[in-house]
Trainee: 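Let me begin by handing over the structure; questions about it come next.
Indexing begins at 1, ligand by ligand and atom by atom, following the structure's order. As a basis for the values below, the full set of heavy atoms in this structure was taken, side chains included, without hydrogen atoms, waters or symmetry mates.
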Amino acid sequence: MSRRPILMIPGPVELPPAVQSAGAEPPVSHMDERFVTSFGDALRLMRQVWGAPSGQPFVVSGSGTLAMEMAAANLVEPEDRVLVTSSGVFGERFAQIFERHGARVEVVRAPLGEAVDPEAVRSALDRGRFKAMTITHVDTSTAVRTDPSPLAALAKERGVLTILDGVCSVGGEALHQAEWEIDVALTASQKALAAPPGLALVVASPDAMETWRRRKRPVRSYYADWGNWLPIMEGYEGGRPSYFGTPPVTLVRALAAALSLAAEEGMVQRVARHQRLGKAFRKGLGALGVVGVPASDGCAASTLSCAHVPDGVAVARLVAETATAGALIAGGLHPEIRSRSFRVGHMGAVDATMLLATVDALEQGLARCGHGFERGVGHAAAREVLES
Ligand SMILES: *Cc1c(COP(=O)(O)O)cnc(C)c1O
């Protein structure tokens, strides 16, 4: 196999040609008029993609973890109470970030493979006076999707701010930030938006901005402080170049291209495409006798799949053989199943051809690892969904 394998991990992902060429252009000055236009476009398009017409977008160099830390640094003060709802590794990460910023954190955990139970959240919210609550939309360690809307409604009824970790969902799963009353919805450039890695993306509601404005103490992180970034975002959106830290000009232009593609496709269509891809991949896995980690189809993410390796198959070997056969997939991440699971991203610019090529490569990988199945059944099952 002389061609490189297609990148089907849960980020970074394959880039559409328009995004790749934007990212390949020589850097321009951050004062350049073309850059000012791209940055303004990216900010306006974020509101559209997030479903947050009155939200305040922030685009800052860094990964998704910085986006999480921005929410924590700007919204909590020491001794504030935060409820973290967790369906895997990234909920646990959010708990650590809030603790680092001095919050008193309580965690509601879903059993492995399940979404967070709204009843458990209701009773936790009723037990304590929380300032904020986090939700992981899609936990990338389990491929479990939690429906944010009922959880956000419970929090809002009690005046609790809601923060959505949408790092593996924004641009692939349905999101209506304003309608669902989510105060902060955050992601990173390299996942379902299909831009290169390197940008932390946050949209804050008017309530979140008001909570930040009314802080009693300064934000304890200089770099993450919205006070430093708000004038920059307002400047570029208003057509005025501004400086706090050098903007990642190349990445911002690639992001603007990626967001334009999302807007052109339409979010309803884009979400439906991801649903079809997710369903097709899960059907393919099922036909191969591979068992998914999400407990039901209802809580399985559209943007990635996570499955148990069949008995007798070693994860590292499966990943290597599948890459040789043309698709790069990822091993396990959740500590309970790290060495017994694998993950496949099908988000961003993925189409039916790429999905089927991945199923084919996985079939070859599984066969070379000694897993018994009838060759082609995974492909046929996935194709049936894609063609329906
Ligand atoms: C990838 C991911 C993160 C972390 O993002 P980085 O860009 O790797 O820092 C956080 N939460 C979720 C759900 C993710 O998928």
Trainee: How about Glu69 and His101: does a side-chain donor come under 3.5 Å of a side-chain acceptor?
Mentor: yes
Trainee: For Asp165, which part has a heavy atom under 4.0 Å from ligand 1: side chain, backbone, both, or neither?
Mentor: side chain
Trainee: Using a 4.0 Å cutoff against the non-hydrogen atoms of Met68, which atoms of ligand 1 qualify?
Mentor: 10 (C)
Trainee: Any idea which protein heavy atom is nearest atom 10 (C) of ligand 1, and the distance to it?
Mentor: Phe90 CD2, 3.2 Å
Trainee: I need the nearest protein heavy-atom contact for atom 13 (C) of ligand 1: residue, atom name and distance, please.
Mentor: Val138 O, 3.3 Å
Trainee: Relative to Phe90, does Lys191 satisfy both conditions: NZ or CZ under 6.0 angstrom from the six-membered ring centre, and within 45 degrees of the ring's axis?
Mentor: yes
Trainee: Please report which non-hydrogen protein atom sits nearest to atom 8 (O) of ligand 1, along with the residue it belongs to and the distance in Å to one decimal place.
Mentor: Gln190 NE2, 4.0 Å
Trainee: For the side chain of Asp139 and the backbone of Thr136, is there at least one donor-acceptor N/O pair under 3.5 Å apart?
Mentor: no
Trainee: Of all the atoms in ligand 1, which lie at a distance below 4.0 Å from a heavy atom belonging to Cys168?
Mentor: 15 (O)
Trainee: Are the side chain of Ser221 and the backbone of Ala73 linked by a donor-acceptor contact shorter than 3.5 Å?
Mentor: no
Trainee: In the protein, which heavy atom is nearest to atom 14 (C) of ligand 1, and how far is it?
Mentor: Lys191 NZ, 3.0 Å
Trainee: Under 4.0 Å, counting heavy atoms only: does Asp139 come that close to any atom of ligand 1?
Mentor: no
Trainee: Report yes or no: do Gln275 and Ser302 form a side-chain donor-acceptor pair below 3.5 Å?
Mentor: no
Trainee: Less than 3.5 Å between some nitrogen or oxygen of Ser63 and one of ligand 1, yes or no?
Mentor: yes
Trainee: Checking Tyr243 now: which residues fulfil side chain to side chain contact (heavy atoms under 4.5 Å, CB included) with it, not counting sequence neighbours?
Mentor: His30, Thr246
Trainee: Check whether the ring centres of Phe39 and Phe35 lie less than 6.0 Å apart, and answer yes or no.
Mentor: yes
Trainee: Answer yes when Glu181 and Lys156 have at least one side-chain N-carboxylate O distance shorter than 4.0 Å, and no when they do not.
Mentor: no
Trainee: Give me the nearest non-hydrogen protein atom to atom 15 (O) of ligand 1 as residue plus atom name, then the distance to 0.1 Å.
Mentor: Thr140 OG1, 2.3 Å
Trainee: Below 3.5 Å, N or O to N or O, backbone or side chain included: is there any such pair between Gly64 and ligand 1?
Mentor: yes
